[in-house]
Each structure stands twice: as C-alpha cells, then as structure tokens.
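Given the structure is predicted, the values throughout are model-derived calculations rather than measurements. When a ligand or atom number is given, it counts from 1 through the structure's own listing order. We count residues from 1, following the sequence as given.
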Amino acid sequence: MLGAEMIEKLKEYGQEHLIQYYDEYSEEQKKNFERQLLELDFSYLDVYEQKMAKRKRENQEETKDCVSVSEDVYEPLLAMKIEEIEKNAAAFDEAGIEALKQYKVGAVLLAGGQGTRLGFDKPKGMFNIGVTKELYIFERIISNLLEVVKKTECPVPLFIMTSEINDADTRSFFKEKNYFGYDEKYVFFFVQSMAPSVSYDGKFYMAAKDQISLSPNGNGGWFSSMVKSGLLAKIEAMGIEWLNVFSVDNVLQKIADPRFVGATILSGHPSSAKVVRKASPDERVGVMCKKNGKPSIVEYYELTDTMMNEKDSEGEPAYNYGVILNYMFRVKELIAINGNTMTTHMVEKKIPYIDENGVQVSPQEPNGYKFETLILDMINMLDDCLVYEVDRKREFAPVKNKEGVDSIDTARELLQYNGVEI
Ligand code: UTP
C-alpha cells in the first residue's frame, strides 16, 4: 500500500505521474515500486530548480545586454611540455618503474557510462573496433596495460568501475575472453551508484510502467564507490599509493605509463592530468587552468573570448591544453577529500522513457537531463596538479560518436597511424 505520506510528497514535488500505473501492478510489482519510491532521491529536483533558476537569470541578463560578472578568477596553469618531458625521460622512467615494481600504483578503468552517443547497447568496452579481425575496446586497454607489465614484470592492480546496468555483461565478457591474458587475481570490479533523470519540465522519467528511470550518476563518484565497495582496505593492504584513473573510450590510452607515473611522483603534487594541445582555440574540450588559485578544468563553453586569446608567460595561448581523462591521484589526498560534496551537473541526454499512454519512446534527440558528478571537479578539490602534455596522435583516440568527430572511423585511422593491426 502506498502510504499517504508518499502520496503527499509526490504531490508536493509535482511527481504524481509516477503512480499513474500503480493500480495495474501485481502485489509483487507494488512492493517493488514502493521500494523504488522510498529510495528515490527527491533532492535532485532541488538541483533541477536551482539550475533552471540560474539559467533563467543568465538569459535575462543576456537579453538585457548586461554582462554577467563571474566571481571566479581564472589564471593559466603552465603545462610540462613534451620537450621538457623528453629531457627528463630517464629520471621519470626510473621513478615510475620503481613505483610500479613496488605495486604502489593501481589503475582505475571508468566503465560505468552508457555511451549513448555511440548508440551501442552493450558496455562500450565490448565494442569491436576491428576491421579485418576482432579487436574489442577492452582488449585494447588490456594490451596497453600488458605493455607496462612486460617492462616491469609486475601486474598493475586494475579496478574496473561498472554500473548496475552493465556490470553483469562486463564481468562475463572479461571471463569469456579470459581477461585478455591479464592476471585475473589483479582485476577487481566495483559498481557505481545510480541517479534519476528528468524531462525538461522537471518530471522524473519512467523507464517502464513499473520502473523509475535510473542511470549511472557520473564518473565523479568513482572513489567513493570504491570505498563503499570495501576496496579501500584492499588498496591499503596492497600498499597502493597512487591511482591512475582513465576512461574506457580512448583506444590509444596509455595506462600506468611509467614516464607519467614518475613525473607525477617527482613533481610532489597530489594529482596530475595528461593533456593534449588543443586542435583549435575553440575546440570543445575542457582545458586546464587555475580557478581561484586552485587547479581546475574550465569547460569550453565557459571560455571567454579574452581567455581564448590570452597568452601565458611563455607567449603561448594561455588556455591551450585539453584534458583526455587520464589522471593520477595520490590515495592519501583522495581519502582526505572523500565525503566532500561534489557539484552535481545536469547533462542533456537522450533518455528512453514510457509516455503517459504507456508507450515506450526512444528519442532521437536529447529530451531531458541526467544528474552527474564529474571526475574533473576532483582536480579542483586538491592543492596542485601536474599538467603533463602528450602527443594527441599517439595517445588520444576517443570513441564517442558513431560518426564524425571522435568516432569509430577517426579512432580506426589513429590506430592504423600507430601501427596497430585492426
Ligand atoms: P562520457 O562523459 O563520455 O559518458 O564518459 P558516456 O556515458 O560514456 O557516453 P555518452 O555521453 O552517454 O555518449 C567518460 C568516461 O566516464 C565513464 C565512461 O564509461 C567513460 O569512460 N563514466 C561516465 C562512468 O564510468 N560513469 C558514468 O556515470 C559516466
């Protein structure tokens, strides 16, 4: 039985449509749905209200022709450039290899996303990027990791974040493929949390008549999800001091790259980020900077014209290094910031749903918002970050879209350019 209190709450939040089909449910469905309602985090609607109010204010300012003054102070954050890295390569390699040999570095694969832009209905890592042979994205990641293992003769503990949606598929795929030759004892899965999604007018979406639509809550919660899964004890027991976190979709991703590991450790900073020189000043990537004195990533849509044209102390474009989702974090600092509130972002996405007539709709265009926390916000929670430049042709081939920019075709071209047989 739906309690009066819950019905009142649904009314108060304008979410009564959620119980539109309740009377049709079996007893078991009713129980299950009541549990979903109890677990539903209504505070996401407050986030929605706040963001919408902010957007409205900004629009009004724009139409009134006033310039909204951001209180945030942005400054350039100098990158360690490829030439400098090459000069110090021997020292960096040595420090990195030593740390890897002592199992001080773990790798964290973020594979909980839904890859909606790619439109592949399995975990993105199961996508076959091969042309003349099978070559799965997960396989590429493991073979890149194995290159390091060959050098150090020590497996790198690999933590894989999945979501409730793709966990079973991911685990069974790895099993079926015999972990692509990786030592299974060093692979640990953990599952991230879920969040509801809303329509443009702030109504929670239903995924089925008896199911509230939930999706992974972004990649920002990776460390807290690791802690929740009890993996911190494992990290501490293994003596892991650093975590190299990376995305699933870059098929040229270098993981636990000894040079990057060494440069990070020797820098003394608690975090580091691999970056690539922007392809053009208006490229749609988040760029490294300092915000209010702390390292940060400014999104491409937040870059003003002045910032786009600004030069750094070396006379180069000041905001010129885009992040590629390959970061290192020192575990000590991660523990210290764990539990700090992270910003919840509202991200426009295509969200499949059941409409008011009970019809399943798979939208072709974005139709609402998902709520996500983002790993890039963690950088701003730490005191310093080594910005480490890599050659984009060698290390950046993201598979985001079906076609066009950052697509299957561009990734295949880059794999071939790097001599990978596909
Ligand atoms: P993206 O921001 O590209 O999101 O993720 P996505 O869900 O994979 O793809 P789209 O936007 O729906 O097309 C960047 C990285 O963060 C991981 C992804 O798996 C990818 O490695 N991620 C994203 C998570 O692990 N969890 C999430 O909730 C979101």
Side-chain angles (χ1 to χ4, degrees), residues 44 107-127 129 136-138 140-142 144 158-167 169-171 173 189-197 213-226 228-229 243-253 255 273-274 284-286 297 299-301 322-327 342-352 362-379 396-408 410-411:
Y44 281 110
V108 182
L109 164 57
L110 302 178
Q114 287 182 294
T116 46
R117 283 170 287 173
L118 186 64
F120 178 59
D121 65 352
K122 292 258 180 280
K124 208 188 247 187
M126 286 173 66
F127 186 80
I129 191 89
Y136 299 97
I137 293 184
F138 281 140
R140 280 293 309 147
I141 288 171
I142 296 295
N144 288 352
L158 173 63
F159 302 91
I160 303 179
M161 182 166 86
T162 61
S163 77
E164 282 171 23
I165 298 172
N166 67 17
D167 184 63
D169 278 343
T170 306
R171 285 177 199 244
F173 188 66
F189 293 92
F190 65 103
V191 182
Q192 71 172 102
S193 309
M194 307 286 277
S197 47
S213 167
L214 293 176
S215 49
N217 66 348
N219 57 27
W222 66 274
F223 188 68
S224 58
S225 296
M226 277 183 101
K228 239 198 242 163
S229 329
L243 290 172
N244 179 200
V245 193
F246 62 99
S247 70
V248 71
D249 44 39
N250 176 5
V251 289
L252 287 178
Q253 189 88 261
I255 305 131
K274 278 198 173 181
R284 294 172 150 230
V285 287
I297 290 146
E299 286 292 359
Y300 65 91
Y301 49 80
V323 285
I324 60 169
L325 219 174
N326 191 322
Y327 302 104
M342 290 189 79
T343 307
T344 302
H345 297 260
M346 255 183 11
V347 193
E348 243 184 313
K349 297 251 176 173
K350 297 179 211 164
I351 305 154
S362 299
Q364 296 307 305
E365 295 301 325
N367 60 326
Y369 303 108
K370 289 186 179 175
F371 297 96
E372 300 191 344
T373 58
L374 304 177
I375 184 171
L376 52 81
D377 288 331
M378 281 177 115
I379 293 287
F396 190 44
V399 183
K400 295 281 187 197
N401 303 303
K402 244 190 216 149
E403 40 202 35
V405 183
D406 298 341
S407 63
I408 302 164
T410 56

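A side-chain donor-acceptor contact under 3.5 Å links K370 and Q114. Residues Q253 and N326 bring a donor and an acceptor atom of their side chains to less than 3.5 Å of each other.
Taking a heavy-atom cut-off of under 4.0 Å, ligand 1 is surrounded by L110, A111, G112, G113, Q114, G115, T116, R117, M161, Q192, P216, N217, G218, N219, S247, V248, D249, L325, K349, K400.
Here the NZ atom belonging to K274 is positioned 11.0 Å from the CZ atom belonging to F246, to the nearest 0.5 angstrom. To the nearest 0.5 Å, atom CG of residue L110 and atom CG of residue N219 are 5.5 Å apart. The line from CZ of R140 to CG of D249 is 13.5 Å long, rounded to the nearest 0.5 Å.
Every residue two or more places apart in sequence or in another chain that forms a side-chain contact (heavy atoms from CB on, under 4.5 Å) with V191 is listed here: T162, E164, D167, R171.
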